[in-house]
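Everything numeric here is computed off the predicted structure, so don't read it as measured data.
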Amino acid sequence: MMHLQDSLIPFISSFVLAVISLPLFIGYMIMHKEGQQIRDEGPKWHQKKSGTPTMGGVVFVLSSIISSIWVGIWQHNLNKSIWVLIIAFLGYGIIGFLDDGLKLYFKRNLGLRAWQKLLGQIIIAALIIIIAAADHFPFELYLPFIGMVKSAILFIAFVLFWLVGFSNAVNLSDGLDGLATGLSIIAYGTYAFMAYQQHAWAVLIFTCSVIGGLVAFIIYNHKPAKIFMGDAGSLALGGGLAAVSIYLHHPWSLLLVGIVFVGETLSVILQVISFQTTGKRIFKMTPIHHHFEMLGWSEWKVDIVFWIVGLVGSAIYLICIY
């Protein structure tokens, strides 16, 4: 059994590793002139961010994984559960790393093709399902108004959708300095609390490790950002959140805990449907954080309001179940 203070160990370990490594990583990227290429269709005032070092997610992903492994060994919790979470986090991080690498190599905002990214996401999800099956994880899913349904086909389909969907949802939310980082700290913090309540020590170690890396990262990622996380960070964070929600047996919680991620994704889907069917746009620009920018909100205002929405969503869920 872990005590509450023990959860500080993975947090501090990951924080220290990331906060020491990030300045070195930023310096390396600047030296080699490896910077973010800003989309032409994005807000014009974002063009000044072009050239800002990216792929910072590599640092907090590795810091989190290293901390999860050594603390897991120390606490005798390096089991299949923590390996599933690490594989989800690292696997989606690698897909993002490849995507970022191609963008930097070709000096344009194009990386992996959509089908290549989707295929990679599905492969990682399938690997997670196989390991979960070997760990005798119950292939059952709670459906509102129906109850618990034991169906391997339904569970597998849901896991594939959840992992791919939320890895992309966090990716869509990573469009303003510090936005996705702050939202992820809130979401992982919520699941760390839930893991402690459930005595799910492997999940607690993993979530606290991720939080430590993110707290270090936001020091350099808040406006004006000295580094962006890139797809290497955002895809990893989304995949990790989906895996954690499933392993805590509260997958639907992510609809509230990750309410901003859901809203960002829905804004894009609704915009596309509206434009293709009526020729009209619902929002000035999507994802929706750009809509508020176009209304005149500063990046800090968007960040703070969206963080508050994320906090409220998490608080409502925790109040409902505890």
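With rounding to the nearest 0.5 angstrom, the CG atom of L311 is 7.5 Å from the OG1 atom of T190. Within the model, atoms NE2 of H289 and CG of D303 stand 9.5 Å from one another, a figure rounded to the nearest 0.5 Å. A distance of 13.5 Å separates NE2 of H290 from CZ of F283, quoted to the nearest 0.5 Å. Of the inter-residue distances, the one linking T52 atom OG1 with I30 atom CD1 reads 9.0 Å to the nearest 0.5 angstrom. Note that CD1 of I288 and OG1 of T265 are 11.0 Å apart. Values are rounded to the nearest 0.5 Å. Between atom CG of residue L248 and atom CZ of residue F193 there is a gap of 12.0 Å, rounded to the nearest 0.5 Å.
The closest donor-acceptor contact from the side chain of Q271 to the backbone of I282 lies under 3.5 Å. No donor-acceptor distance shorter than 3.5 angstrom exists from the side chain of W307 to the backbone of I186, with no hydrogens or angles considered. In this structure, the side chain of T207 engages the main chain of L204 through a donor-acceptor pair within 3.5 Å. Side-chain atoms of E264 never come within 3.5 Å of backbone atoms of V170 as a donor-acceptor pair (strictly under, hydrogens ignored). Within the 3.5 Å criterion, the main-chain N or O of L237 finds no donor-acceptor partner in the side chain of Y92. Between the side chain of S245 and the backbone N or O of A242, at least one donor-acceptor pair lies under 3.5 Å. Judged purely by atom type and a 3.5 angstrom limit, H291 uses its side chain to pair as donor or acceptor with the backbone of K284. A donor-acceptor pair is defined here as one N or O able to donate and one able to accept, closer than 3.5 Å; such a pair exists between the side chain of S67 and the backbone of S14. Side chain of N168 to backbone of N171: no donor-acceptor contact under 3.5 angstrom is found. Of the possible donor and acceptor atoms, none in the side chain of N77 sits under 3.5 Å from a partner among the backbone N and O of W201.
Take H250 and apply the side-chain hydrogen bond (donor to acceptor under 3.5 Å, both in side chains) test, not counting sequence neighbours, and it matches Y317. Applying the side-chain hydrogen bond (donor to acceptor under 3.5 Å, both in side chains) criterion to D99, with sequence neighbours excluded, gives K103, K117. Partners of N221 by side-chain hydrogen bond (donor to acceptor under 3.5 Å, both in side chains), not counting sequence neighbours, listed by chain and number: T181.
Looking at heavy atoms from C-beta onward, I131 lies out of side-chain contact with W83 at the 4.5 angstrom threshold. Under the 4.5 Å side-chain criterion, counting only non-hydrogen atoms from C-beta, V203 is not in contact with Q198.
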Check against side-chain contact (heavy atoms from CB on, under 4.5 Å), L143 and W252: CA-CA 9 Å; L143 295 180; W252 298 111; 4.2 Å; yes
Stepwise side-chain contact (heavy atoms from CB on, under 4.5 Å) test for L176 and F306: CA-CA 11 Å; L176 300 181; F306 279 37; over 6 Å; no
Derivation of the side-chain contact (heavy atoms from CB on, under 4.5 Å) call for I82 and N79: CA-CA 6 Å; I82 201 168; N79 51 29; 4.0 Å; yes
Derivation and outcome, side-chain contact (heavy atoms from CB on, under 4.5 Å), residues D177 and W300: CA-CA 8 Å; D177 297 358; W300 266 120; over 6 Å; no
Residues H249, F137; criterion ring-ring contact (aromatic ring centres under 6.0 Å, His included); working and verdict: CA-CA 10 Å; H249 305 285; F137 190 87; 5.1 Å; yes
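At a threshold of 4.5 Å between side-chain heavy atoms, the hydrophobic network of Ile, Leu, Val, Met, Phe, Trp and Tyr places Y196 and Y322 in one connected group. Hydrophobic clustering (ILVMFWY, side-chain heavy atoms < 4.5 Å, transitive): F166 and L119 are in distinct clusters. Cluster annotation: I269 is not connected to V164 through the hydrophobic network of ILVMFWY side chains, with a link wherever side-chain heavy atoms come within less than 4.5 Å. With hydrophobic clusters built from ILVMFWY side chains whose heavy atoms lie under 4.5 angstrom apart, I316 shares a cluster with F261. Hydrophobic clustering, with ILVMFWY side chains joined whenever heavy atoms are under 4.5 angstrom apart, groups L127 together with L85.
More than 12 heavy atoms of other shown residues, nucleotides or ligands fall within 6.0 angstrom of atom CG in L295. By the neighbour-count criterion of 12 heavy atoms within 6.0 Å, atom CZ of F97 is sparsely surrounded, having that number or fewer from other residues, nucleotides or ligands.
Applying side chain to side chain donor-acceptor pair (under 3.5 Å) to S209 and the options S13, S68, S7 leaves one that passes, S68.
Of all non-hydrogen atoms in V59 and S21, the two that sit nearest each other are CG1-CB, 3.8 Å.
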